Structure formats: structure tokens, C-alpha cells
There are 4 protein chains.
Amino acid sequence: MFRKWERCKVFRDPIHTYIRVEDPLILDLIDSKEVQRLRRIRQLSGVSMVFQTAEHSRFTHALGAYEVARLVLEQVEGIEVLTEYEQMVLKCAALLHDIGHGPYSHAFEQVLKISHEEMTCRMILSPKTQVHRILHRYEPSLAEDIASVIAHQGKFPLIESLVSSQLDVDRMDYLTRDAYFTGATYGTIDIPRILRSMKIIDGKLVYRASGVHTIESYLMSRYHMYYQVYFHPVARAYELLLESIYKRIYDLSEQKVPLNASISSFMNVISNQEDVMSYIDLDDAYVNGFIKQLTHSEDEILCKLANSFENRKLFSYVDLANHPDPVWLDSLKKKYAESDGARYFYYEITVSQAAYLEMNGEENLKIKILLPNGEIRQLNEYSAIVNNFTELGYKKLSRVYYFDESEI
Amino acid sequence: MFRKWERCKVFRDPIHTYIRVEDPLILDLIDSKEVQRLRRIRQLSGVSMVFQTAEHSRFTHALGAYEVARLVLEQVEGIEVLTEYEQMVLKCAALLHDIGHGPYSHAFEQVLKISHEEMTCRMILSPKTQVHRILHRYEPSLAEDIASVIAHQGKFPLIESLVSSQLDVDRMDYLTRDAYFTGATYGTIDIPRILRSMKIIDGKLVYRASGVHTIESYLMSRYHMYYQVYFHPVARAYELLLESIYKRIYDLSEQKVPLNASISSFMNVISNQEDVMSYIDLDDAYVNGFIKQLTHSEDEILCKLANSFENRKLFSYVDLANHPDPVWLDSLKKKYAESDGARYFYYEITVSQAAYLEMNGEENLKIKILLPNGEIRQLNEYSAIVNNFTELGYKKLSRVYYFDESEI
Amino acid sequence: MFRKWERCKVFRDPIHTYIRVEDPLILDLIDSKEVQRLRRIRQLSGVSMVFQTAEHSRFTHALGAYEVARLVLEQVEGIEVLTEYEQMVLKCAALLHDIGHGPYSHAFEQVLKISHEEMTCRMILSPKTQVHRILHRYEPSLAEDIASVIAHQGKFPLIESLVSSQLDVDRMDYLTRDAYFTGATYGTIDIPRILRSMKIIDGKLVYRASGVHTIESYLMSRYHMYYQVYFHPVARAYELLLESIYKRIYDLSEQKVPLNASISSFMNVISNQEDVMSYIDLDDAYVNGFIKQLTHSEDEILCKLANSFENRKLFSYVDLANHPDPVWLDSLKKKYAESDGARYFYYEITVSQAAYLEMNGEENLKIKILLPNGEIRQLNEYSAIVNNFTELGYKKLSRVYYFDESEI
Amino acid sequence: MFRKWERCKVFRDPIHTYIRVEDPLILDLIDSKEVQRLRRIRQLSGVSMVFQTAEHSRFTHALGAYEVARLVLEQVEGIEVLTEYEQMVLKCAALLHDIGHGPYSHAFEQVLKISHEEMTCRMILSPKTQVHRILHRYEPSLAEDIASVIAHQGKFPLIESLVSSQLDVDRMDYLTRDAYFTGATYGTIDIPRILRSMKIIDGKLVYRASGVHTIESYLMSRYHMYYQVYFHPVARAYELLLESIYKRIYDLSEQKVPLNASISSFMNVISNQEDVMSYIDLDDAYVNGFIKQLTHSEDEILCKLANSFENRKLFSYVDLANHPDPVWLDSLKKKYAESDGARYFYYEITVSQAAYLEMNGEENLKIKILLPNGEIRQLNEYSAIVNNFTELGYKKLSRVYYFDESEI
């Protein structure tokens, strides 16, 4: 059905040694404008303000997620239940799952009110994108089927559980990769062992009980990556500053205030979420570029925010768990409540991540354990460690971020 | 007080890159007969039957534990409360803490009814050993003080907490080392981060709250090393076989049955635990050597056991958690109960290890957390993850080991 | 003379585990605008087109070079001949040595006719830069002395040999770092071993003969990094495209043709190399930004080049060592010779790197070997391997790069 | 022809992550007495006296060499020219190639005048060994064909070039493994890259020109491993002591002097090289065991040697390249010349290893390079670096080893 090369092409990669590409279709997708754009969007946005080496792009992760999918197809017992077509859906979904991310994506989603998953689907389905046209050329049904996997529509439950569940090709790559590029040691995941403990039974993904310790380790690693890296207060401060900038631009655009900056694609997207082609223009360089211009903005607030961004003058923050003086905190709140800029200069946020939670609903996204006697159990029923993780529930961190008095 | 070299001597080491020796005393101890003997005793006894590369000796771990102690003295904030003399006690205790191990130590202790810690102290205190004489030559009080640390006599509480507590230079080295040599990935411990989060306050060891995730990871790693490596059923089967051999020899010696094997040092130790010099003769080669001779023993049981050992014909086992057929299990028990060899050919064992337990008693062996506001808390009060570990208590594994019917 | 913190600040780093900052001065420099700017300039420019994970910035390398300098001061025998002041000069020089790099630096230097070293010195010496003001505040003579080290003026020969010679803190960091981030394995350098073999005798840096194998390995690694990574034909194609863009902008500016792009800082630098403040504006984002704008340029050549850059439509190339058909090659040359665009669309280049060459001149930049008997020899006199490297001389690669027919 | 399992068995391994066993035949061979015996023979004999962590056994290397052979069969382009039967010959030959090694093999070969390769062949061909019987059971012709590969008889030239040439599965495993276990960093070999550059053309193994840098690195690594590790003067001193012990035993046996030690298997082998079954008894433990007994030998020389071994009282040595005082050297030589013990207490040795030498003769053992145009060249014709290695020829180290005056 799909042509393969006799000798695969390779990309050198420090995580998987090689990314091996066997299919011309996959290489065409990699070369597409939409996937190449991911080179210009950092995987971890503001994290590199704290872990300065975390400068890797979403592109390298897209290749990595694809490679883990390829390894799944090569090594997992029982995976041959997937047809050749379905195998291609899996590989493409792994490669493309993040193309909908915008620059400094988290902040972006807050303002745009559209998730990157939705945007990924739009880009795959839009006949204007290169990715769509490539997929269509190889096989007309591919684009829709890949989008259905990313949107969790249930048409390919096994593929969905491989691409985005509690333990999937996406997470296996990004936790390992983010650990490698930050220098954090807690992100070590035993991918070869996990692949070996995976098995497909009756079209469903299960993990052998003998590999449960690897999953426990993985959950602990993930938990620590969230609290030590992804939720790092300084990284969040950076993203909040971006959110404020995006918000201010949005608000000014609502008020029809001109901006004096080369920012038309961004404005197009704000006014029309369907404008996929403008969306594709947006990347880190684009945003960095217009913020630099906005340092001379006539709008006082935007000028202040843009200059803060340029000079790494981030929000200050207090961790509420450290019980800051309530009087001081109250006066802080009050001052901002009265200020015009509260919307841009003051945030109360709570982040939370569970070490493991058994989600309700979609059964195929849960981690299932295969006992030696053939029974299948939910992970948290089998592992006491994981069960206790679920009892811990979400660990919440509440922080107040604000601009220093002298700043407003 | 103690002479140092201008340029330290080094031993290359894959875990710490270099073991750096700055003190002539330390090098003399390393060269002593008792420390050199550790080259001939494997760190993990029977584990190499399962993880074939786990062939490293206790010698390499002794050097490693010493090196971590040296790093503690070099890097930990507040460690300068230790006098030069106490620093030497710490380094020596780290280096010498395991010299009392016998070959296949676990099995050995079962029969000999003496712990390796006690034996370590005896060897340090006995005027016959080289180690003792070296220590005495440099400073008469050293031997006694080092032994007091190993015996937890409370004279040097800070040094004791550094040498053997829930998180000490011993564990930091052996978990990392054992992971490296087995190829297990779950033993990754962030030693530089742990050292950086350590602090000495009022003569006590505490860990900064900002480093708690590293300790959580460490506890998880330790837990997995126990269940995946140290308690591996095949490794235990191997050690039980040794225990049976040791027991049979012991029993025969009680009955004054001659053995026709070159085994006098071993017999000396059995009949007189104080015979340190004979004890020093015992190492893996020694035991392997006489077992080879015992394959021709006239005693039927010993002959059978020795041949099993030589031919890797290990005990069979069932894991009781897998609910084996109770009828079959009963008949198995019954058969052995009636057999002469039950004592040597049948074991019911339970191993257990907690991810973390807050021990009663010795306060200085607990892990204490220093909050940003200066308060000090018990680890499990501070970390919800660790607190749940303590609630899990001991994870127990119960197994029955037995010789196959055809064997008896 | 310089205040130190009791407890150093750290930056996590995958190469050196931690970057340890002990001096307020160093942290102030790291926080300066000029050093922070290096976050926005990739260390390897176009190399990430081939090794997609090579996305690390010059900032991470600046920290790394500083850290190696710090390790030198901590570990190298005899280094205490440097005064406290000189030690600070060394650390600052290591940290700042690359601040003069522009975006896509190699291409930039071709057009600007000013080396990044010169620019580094200007930035250190200019009273307008933050770096200069910080240095001046701590100690008035620092800026000049650091610049003198970078310019090899011979005032601090030992520091010069540590900062930039055949084997220095700069190279030790970047070869290791570039290997880590590309995933290349040939860049492995045994930094701890090299540090241990270094010794300062009579104010001069030598290497003990026992460590020569490490230097041989280092030279081989460096050689392979050049040919496999730095000189990779596709990476060079990318840089040549940038060179063409820079050149065209330069040429148009000479002809006073307006550009319709936000590019004033770049133009300022072109017209006045002394304009340090405009230079500081230039970074990868800046260049990427204006190239994106130039895709709509009215100048046909610039429009074509900018679009090629945006769409990764790189130059084609032939390696002359592969003996391409001379008739075809001649007609290619001829066609471009007659074309207007030859200057922008056709390159004949030769790159070359020696595994090791004994430079004439500056004695302190050569690698010297200390024999066991105290004699000091040139590296190539001592090592037969290295001597043969010098006999090989430069390995030259000659390539022709050109735009595909269909492109012009 | 050969049955395979659906799901392979695995051995965890730090070098290759997993050793994957797909064939019942291979697992039977691994379980055989002759392969298991390799667990009791250290890969690097006396090297662990210097690199204390180099305690790994020949068993782990045998598995590793097998795994590299398996990877060759899985990944190398064109390898499908090998029939299923030949593929099995390759895997078995890789696994079994070292079973003929004795304890402290190098010293042993000196006395026994039989190479370990010959002994390997004997063990494979002898109907008494388990290995032979297993092979015969699966396929009667296997044993002979495997032995023919090991003896380089030319029947399977491609397999021979994969199993033992200048760059083969044996070397790829042991250099990497020895580096890992010593902690040496110079043994890094890019196995995945080498496998990818391998290709089978017309039944012959070639390497693509694009991978030549990997081979150059490999040769440099090998060269450094020889001089830094394998030829380390202290490791050699240890092996010479063993050689002296073996020699003295041999000499006494010639004179029919009884030894008062349990040493019959050793004596059997000395008197009859064909005695494969006695040979199998010999391992490190066996030798260590009888040397311990010989510390009480009545033969003065043997007693002295055995005690030296036990107490690590190794030969002193001088490196002739360091130009020791010729008068002193002469008097040393003279004294030993007149002494009875010269044969045991004095050695003049020269070791040598070339970085690369183009052997005459067997064409299939040379490294061949495939140019992009399809031409095939000798490695040293293609690579200037390697060509210079060949011009360097053998690097020779000459040393005199002797017992200290006070010792004789």
C-alpha cells in the first residue's frame, strides 16, 4: 500500500541514536512547511529562563515521538493486529500531533481560547496546508483518520491509546528529551523496558505485571518533571508576561487601536481562528520580533510589558504555601484591584498535577496491567504505590504573581 | 594532624570519575590485607546469576563510599564543624564499613549468627589485623572511634548519620554502583544535587526542602532496586543453596563428621567466631573452591547440594502472591516435612522492604527537612509522597523454595 | 579583593552537572544585556539544518567555558601562581570571550570584515555596554585586561594559553557541548583527565606525558567534529545563503536602495562598525524577522534569496573530490560568470582543518609536554601520532555551491 | 530450519541494553557448562589490579559479541546473502569464540604453548563437551563449521570477516565493554553508526566512505585501550607473576616433584593438552585456590611466588624508553643471569600494537571502503589518517620486570 525504501533515511538524535525513516510519506511530511515550522518553536517556552540549556524545539520532539511509534510497531508483541494502513496512521499521528502549537503556546491558548489539539486537527484537515496535500496525495482518507486519532474520536482506539493516553509515545519521548536538554536527572525513563512490557491483547494495549516498576518510575519521573521543570515559578512568570502581552494586544485590537508593529498575521489569527495560513506564520521569532518593536509602543501598558520582556524583568511571585504575611498580601490584592492594569500585572494561579489519576471515561486511555494468570487489572488496583499516588490526588501550587510596586 | 599529599592519588572509577586519595593513611588502609580481601568478594553474591554483569566486588564499593564521604567533606555546607580528626574518622569509617562481610554474606550470617557489622568492628579492633595496626600507627584512638561509628554507639552522631542512616554515603554509592553494573536504570540517584541540598545545622544533618524531590526519587530507586535486583527470586534461590551448604557443613561439624575438603579456615570460624584471622581467609574463591571439592563428598546431602551449586541447579520456587494450588502446596509441604532433608531442601521465606519507614529510636538516622523559614521537619511530615510510602509499610514477598521432586 | 558568596549559586548543566558561580561579579556579568543576548544566537548556526537537535545557544557555551575555567582554578597543579585578580581575569575572559558574535556569525564576518574577537573587545571596552560598566564598577582595570587577553596582547601569557590556545577552556567546553547537542559521539573529551594532566611550571602551562593519549583523543575528536559537523555541506549551504543575503543588503545599501523592512540596527552596523549598541540589537530572531519581511522585497535578487531561506531551498553543491564531470562543471561556471547573480548564487569554497598543526609564533599557545624527567617538549615532538597529524597538514574540502538552474 | 521463539528471551546488559535471544539453540549453548565456565574467568585478568572496577567476566563479553552479531543480521544492508544456516553459524561463532580461554589466559598460553583459539576449536569439536552435543543435536554439521570459522579455514569468508578481522563483532563488543567497566573514556565506539555504514557486496563486507571517520575513531580508541589499559605495566606485572607460577609448576612437574596442592586438573592439562575435560575445570577460582595452598609449598621458589601473588607483591619494572641508568641496568641483568631464579624473577618484554596495519594475506580480514562511485579501496588507501597510522607501524614498549633485591 505504501512504498518503503530499501535503506531507511536517518536523522541523528541523542535520545534514540537514530530517527529511522522508512517511508517516503513520512519524509515528505517532515519536509512540509507545517512540520518545519516546529523548528522555530521551542518545546519548553519559558523554561529556558531557568534551565538555560532547554532550548530544543518542538520539531525534535515531533521526530522523537514518531520514532517511538516506529519502535512500538517494530517491537511490541501483538502489534501486528494493526493493518499497514493503521500503522501509517499511527506514525503520522505521532509525527503531527503537535503541529498546532503556537509560539509560547500555553499563553497563546489562554488568549485564543483554542487548544493546540484543535488547531492540529484544523491544520491536518485544511486543504490549504502542505501536510494535508501530502497526506491526500498518498491516500485520500489519511488526513481525516489522523485527525480523528488526535481528536480522540474513538475510531481507532488502540492507536489513540498509543498516541495519547497516560503512557504514550508522546510522553515517552518528551519526558526523556526534556530531561536530556534541561540536564535534569529525574526524567530517566526505561523506554526499551516499557516497550518490552507492552502487549496487544484483543486489540487493547496492556502492560505485563513484570514491568510495573518501570511504570511506577515513569510516573514519579513525570511528577518531578512537572514540579521541578514545567511548573518552575520563574518559567511561569515568563509565560504570564507573554500572556499579558497577548492579552493587551487582543484588548487593543478589540478597541481598534493600531499597534505600529509588523503583526498582521497575529492579528489575523486573533480575528479569525480559522485562518490557518496566518497561524502558520506565527513562531517564536515572529513573536520575539514584534515584541521588540512594541518596546516603542505608544500604548503605555504594552510598552511596559514589552520592555519587561526584553529586559527579563519578570513578575515577582509569592508561594501561598509559604504563608506570606496576610496583611501585606491583602494590601497587594487591593492595590491591584483598584489599578487599571490588574488584568495585566497581577495573577493568582494554581497549577496542579497528579502523580497518577485514574480518569473517568475513555477506557482505552487508562493503563492496564496483565497478570501472569491472564487477568487484566487497572494499574492502580495492581500497584500499591500507584494507588497511593491516586489518593494523593492533585498536588496544587498556588502562587500570586505581580509587578513590583516600583514598576507600575 | 594528618599529613596530606600535595597532589592526590587517584583511582579511575566509572561512578565518580575519580576516587581521590589525599591522605597517606587512606592509601595505607586501601592497601591493607583486609580491604584488599574485598576484591575477592562480590558485592551482590547471587545477583549475577540473573544480571550477569553484576560482578563487581565489595572493594570497588568501599572506595566509592569513601569518595562520597570525601565529597561530603568538600561540598556540604556547614561540614566544617567536624574537626580534622573527625573528618578522618568519617573517611575511614566509609572505607572500612564493609570489611566484615564474608563470602555470600547473607547466607553466611544466617549460619554464623553474627552480623557483618559486628565482624567489621572486630576486625578494626583486633590488634592482629593490618587495618588495626595502620590506624594505631597514625593515631591510637582511631580504631576505637571508627568502630564506635559503625556500631552506632552515639559518640559521633553526625558521622553516624553520614555513614549509615536512611540516606548516607554507603547507600548513595551502592545504589548508583549496583545500577551501573547490573544495567538497571532505576538506580539513578542525583548525588551532586543531594550533596548540594545537605546542610549541617547545630551539628545535625538536614536536607533543604528544595531538594526533597531528589530524596523522593532516591527512595523510589532504592525500592525498585530491592524488588527488581536484590530480592530477585533466582538470586535468592542461589543464596539459599549456599545457606543450605553452609548449614550442612555446620551440622556435620557438630556431629564431628570429617569433610575431606580443604576447609580448615571455614571450620575455624564456625567453631570460634573470634578467629578473625581465619575469617579473613574466607572469600568467594575459597568457598567456590571447597564446594567444588565437596561435589565428591561422601555425605549424600552435601554432595547433592554441592553438585547443584556447581551445575546451577537452583531451587524451584513459587510466589505465594500468585495463589498456587493449595492442594499441591500442602502436599509439597507435607512431603518435605517428612523428609530428612527438609532443613536443606525446603524454605518458606518472606522478604520485605519499605519504600520509606520512619524508624523509632535513633533520631540522627532519620531524614530531616529544612524549610525556607528555618523550621525542621521529619521527611514524611513534609513530603506527601513519602508519607504515603510510610503508609504502605513493608511490601512483603512470600515464596516457597524447594528442590524438585526428581531431585530428592 | 573580590567578594565571594559563602554558598555558590548554580545553573544546572548537562555537560558539567552544575555551573557554579561564586562571585557576585560573575553573576552580574551573566545578567548583563550583552551576555543575555547570546541566548538568542545559536552556537552552531546552520548546523541544526542537518543535526536537528543542535539548537543550543552561545549563552550555554559561555557559561560552560566559564565553568571549565573555574575547574582549572580549582584543580590544576600550580595554578595558584595566578593572583586573585588574575584568576578573575581568567574567569571573566572565559565567560565573555564570545559576546562579539553576531547572528549566523560566520556569514556576518564575511560581509562586515570584522572578526568576532575584535567585536568582543570593543564591547568589553566600550563605556556604553553593561558589561563594561559592571567590570568598571568592580575594578577599573578589569575591562582592559580582559580585552587584552582576548586580543592576545601578551600581557597575561598564561591566561591567554588557558583561554585560547590549541587546547583551552573554550574548546573543551564547545567540543563536548556540541557533541552532546548534536548527538555525535566523536566529541567525547576526557575533561577531568585533561585537567589532571595540566600543570603550571614557571608560569607556563604544560601537560604531563602520562596524559598525552587524552590529548591525542581530543585532537581526533576535534578533527572529526570539524568534518562531520561544522563543515557539513548542508550546514555550509545554509550559511552561504545567509552570506548572500547579507551581501545583497550591503550592496543595496551602498546603492542607497531602500529595503522596506525593519532593519535599521543592521544598517547602522553596516555603515558604522563602531556602533556597538546597534550591534547588540542583532540576534537570530532579528535576522530571521527581517528575512521574513524581505520575502516580499521588491529587489528581485533579495526576494529570491529570502524566499529560499524561508523555504529551506538551499544551494546545491558538488564536492570536487568526487570528480564531477568537468564539461558540466565548466558550463556551470560559465553560466554563472555571465550572470548578474554570480556574486550571490555561485560559490567556490574550500574549507580546511588540520588534526594538529604546530603554529609558528606565539609560544604560549602551543601544547607542551612535561616528561617524567622534567624535560619539556613540543607535543608533536613527543607524540608520534600527533607528529603524523602535523604531516598530514590541512585536509581540504573544495566544493562548488550553486543555485539550481531552475532557480535563476 | 531452526526453531525461533515468538517472543525473545532477554538478558539485561549495560552495553547493548538487552541481549536478545531468539533461538532455543543459542539459549542452550549459553546454559552449557563450557559457556557458563566463562563466568568464572575475568575478561581482563590482571587489569583489575590497576582499574579496580574491571572485574567483568568473559561470559558477559561472549553474550555481547553474540548480540552484536545479531544486530549485524538485523541491520546490515545485504546481509541476507547469508542463509539461515550461515546466520546461525555466525551467531554461534560469536557466542563461542572465547570458550577456549583459560584462567589468566595470556600467562597460561605462554606455558601451555597452545592458543586459546585452538582450544576453542577443540572444545567445539570434542564429542565430550556439552557445547558439542548441543550443536550436534540441532544440526550435525554445525560444530565443524563453527570451528572452521574460528580457525579461519576460509570456508565462510564473510562470516570470518564478521567474527574476527580488523573490525568485527568481537572487537566492537570488547572495546566498548572494557571501557565501560574500567571507566576509561577512550573506548567509545559508535556501534550503531558502524553497523549502518557496513554493507555486503558480492559476498564481501565493505564500509561506506561516509562512515570512515567512525572507523578512524575506532582505531584510535583501540590503540589507546591497548596502551592505557591492556598493556598497563602493573597489569602486566601481575600476569608475569602468574606466568612464573605456571612455569614453576610446569618445571616441577617435569622433575616429578609433588606439589601438595589440589591441582590435578591443572597437571592433567599440562601433561596432555588434549584433556579438554580437565581444561574445563580450570578457572580463576581454581587457580586462586591452588595458589593460596602453594603459599605453604615446600619448594622455595614456588612458595615465594605464591606468597607474592597473595600479597600483591608484584614485580618492579623499568621502562627502557625512560633511559634508566645503564650501569645499574647491567648489574641488574648480571645478578639475575647468575641467579637460579632468573627464569622466574626476571623478564625483558616488549609489547607492541599498531594503530592500524594492513596485514598481508587473508584479504577478507582487511577493512574495505566503498566509495560513492562504487569503487572499493583499502582503508589505508582511502584515509590519510589511517595511512599515517600504518606508517607509524608498531609502537613498542620495552620493559624490564624484576623482583626487588630484597626479595631474592
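It should be emphasised that the depicted structure is a prediction, and the values quoted were computed from it without experimental measurement.
No more than 12 heavy atoms of other residues, nucleotides or ligands shown are found within 6.0 angstrom of NZ on B:Lys204. Crowding of A:Asp202 atom CG: a count of heavy atoms from other residues, nucleotides or ligands under 6.0 Å not exceeding 12.
The contact between A:Tyr223 and chain B is made entirely by side chain atoms (from C-beta outward), counting heavy-atom distances below 4.5 Å. With a 4.5 Å cut-off on non-hydrogen atoms, A:Asn388 touches chain B through its backbone and its side chain both.
Counting heavy-atom pairs under 4.5 Å between each of B:Asn373, B:Leu392, B:Asp190 and chain A puts B:Leu392 at the top.
Between the CE atom of A:Met220 and the CD1 atom of B:Ile385 there is a distance of 5.0 Å, given to the nearest 0.5 Å.
B:His224 and A:His213 have perpendicular rings, their planes meeting at more than 60° on a 0 to 90° scale where under 30° would count as parallel.
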